[in-house]
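By convention in this document, chain letters (A, B, ...) are assigned in the order of the sequence lines, proteins followed by strands, and residues within each chain are numbered from 1.
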Number of protein chains: 2
Amino acid sequence: MIDEKTARENVIRAADELFYAHGVQAVGMDAVRTAAGVSLKRIYSLFASKDELIVAVLHHRTETWDNGLAGAAERATTARERILTIFDFLDGWFREPDFRGCAFINAHGELGASSSAVTGAVRAQKQAFQEYVARLVADAGAPPALAPQLAILAEGAQTTAAISGTPDAARHARAAAETLLDAAARVRG
Amino acid sequence: MIDEKTARENVIRAADELFYAHGVQAVGMDAVRTAAGVSLKRIYSLFASKDELIVAVLHHRTETWDNGLAGAAERATTARERILTIFDFLDGWFREPDFRGCAFINAHGELGASSSAVTGAVRAQKQAFQEYVARLVADAGAPPALAPQLAILAEGAQTTAAISGTPDAARHARAAAETLLDAAARVRG
DNA sequence: TTGCGCGGAGAACGATCGTTCTCTACTGTA
DNA sequence: TACAGTAGAGAACGATCGTTCTCCGCGCAA
């Protein structure tokens with residue numbers, strides 16, 4: 001038998017892929033069982049309900065996102081460059097063939113009205129991203145008001161890329177971010 | 001009996017409110033029937049399927065959105081101001097108690113993977129908005145590259161406001177738009 | 001070898017959904 | 001009054017979903 005940790009990971013990874021590709025409600029637990037290779041009984045011993053599995057998947061997505069962001073930031077030497085790597089990271093993501101928008105935004109649109117657990121997980125992720133941007137903005141010595149503006153650019157790029165089906169939004173958002181950074185630098189001195 | 005036009009309007013209006021408040025998949029046709037006061041048989045004589053009703057609702061939302069945007073723009077005298085009224089319009093919308101994000105983004109996240117008709121309607125609306133912004137940018141004599149940047153700000157403000165539950169994003173996006181407009185004017189001379 | 005406990009496969013259950021069908025009541029005409 | 005046509009109310013149908021239950025087979029102690 002597979003040990004509990006591996007089984008958990010298999011279920012979350014399979015559910016993540018299916019939920020992201022088809023939407024949460026369009027994927028039945030049977031499909032998760034088949035994809036994960038873990039029996040339904042086992043799944044329900046690991047997660048009390050589908051709702052709990054959804055939240056676990058969102059937490060897993062948060063880690064993936066954070067790691068991707070941190071990995072992209074490593075290539076930068078200055079705080080300003082580190083901010084711009086956010087949009088380079090988005091650009092690479094948008095070009096992945098199975099890109100289908102931000103899983104958190106999608107989950108919120110689909111379940112936000114009915115599941116407060118989902119709303120909480122999504123809100124926590126977005127707030128963490130806001131704080132990440134705020135740290136970078138502070139490191140760059142830019143005014144704090146710049147942070148939510150950059151975060152809004154990143155959010156808008158994600159929905160625009162998802163709906164349009166092209167990765168152009170990353171480039172546009174990056175250009176806007178540069179303009180905002182330049183303007184902030186000009187004001188500062 | 002209600003005439004066909006009124007029945008159609010009643011169904012679309014009822015479905016729009018329910019879909020927006022609870023999500024499309026969470027609302028059954030029975031609930032639409034009850035809210036619209038139109039029998040199921042009649043609904044299915046007006047719309048071949050739920051999918052067709054969803055698309056009709058999205059078209060109705062497009063008109064509402066266009067009218068709201070045009071109404072806000074009327075108050076402006078210059079092209080630059082007309083661009084900024086977009087964010088004033090968003091601000092007012094975000095403050096409505098039943099605001100729950102952009103219906104098109106929500107519908108795309110929920111059904112975009114399974115219904116190409118929904119994807120098409122959503123994509124058409126977003127493209128129309130992009131073109132609207134592009135016209136205003138041209139009227140303002142700003143470089144065309146500014147248009148997608150402003151549109152991305154508007155999209156990002158909508159998702160940020162929906163998830164955070166506060167209307168602050170409209171103010172932040174407006175400030176960013178002003179900076180971008182100023183920078184474009186500075187370059188132009 | 002025998003008995004036991006546990007896990008896998010998937011059938012079963014109750015609820016709900018989109019869609020269709022049945023039955024009844026009403027309208028207008030001769 | 002008798003009749004044809006239509007629309008409303010909601011029951012019915014088949015499918016699907018989340019969740020639970022049953023049955024079977026395998027590994028291990030004595």
Do B:Asp16 side-chain atoms and B:Val11 backbone N/O form a donor-acceptor pair below 3.5 Å?
no

Round to the nearest Å and state the distance from B:Ile54 atom CD1 to C:dC17 atom P.
14 Å

Side chain of B:Lys50 only, heavy atoms from C-beta on: which candidate in C:dA11, D:dG10, C:dG18 is closest?
C:dG18

Side chain of A:Ser39 only, please: which of C:dT19, D:dA9, C:dA9 is the nearest?
C:dA9

May I have the distance from B:Phe47 (atom CZ) to C:dG18 (atom C1'), rounded to whole angstrom?
15 Å

Rounded distance in Å - CG (A:Asp51) to C1' (D:dC17):
14 Å

Has the side chain of B:Lys41 got a donor or acceptor atom sitting under 3.5 Å from an opposite partner on the base of D:dG8?
yes

With a non-hydrogen cut-off below 4.0 angstrom, is A:Val32 in contact with a base, only sugar-phosphate, or nothing?
nothing

Between B:Arg33 and D:dG10, does any side-chain N or O lie under 4.0 Å from OP1 or OP2?
no

Take atom CD1 of A:Ile43 and atom C1' of D:dT20, then tell me their distance rounded to the nearest Å.
14 Å

note: B:Arg42, atom CZ; C:dG18, atom C1'; distance rounded to Å ~ 20 Å

Euclidean distance, A:Tyr44 OH relative to A:Glu52 CD, rounded to 0.5 Å:
11.0 Å

Distance check needed: D:dG8 P versus B:Met29 CE, whole Å only.
15 Å

To the nearest angstrom, the CD-C1' distance between A:Gln25 and C:dT16 comes to 12 Å

Could you give the distance from CD (A:Gln130) to CD1 (A:Ile152), rounded to the nearest 0.5 Å?
7.0 Å

Using whole Å, what does the distance between atom C1' of nucleotide D:dC17 and atom NE2 of A:His22 come to?
17 Å

Check the surroundings of atom CD in A:Gln127: do more than 12 heavy atoms from other residues, nucleotides or ligands lie under 6.0 Å from it?
no

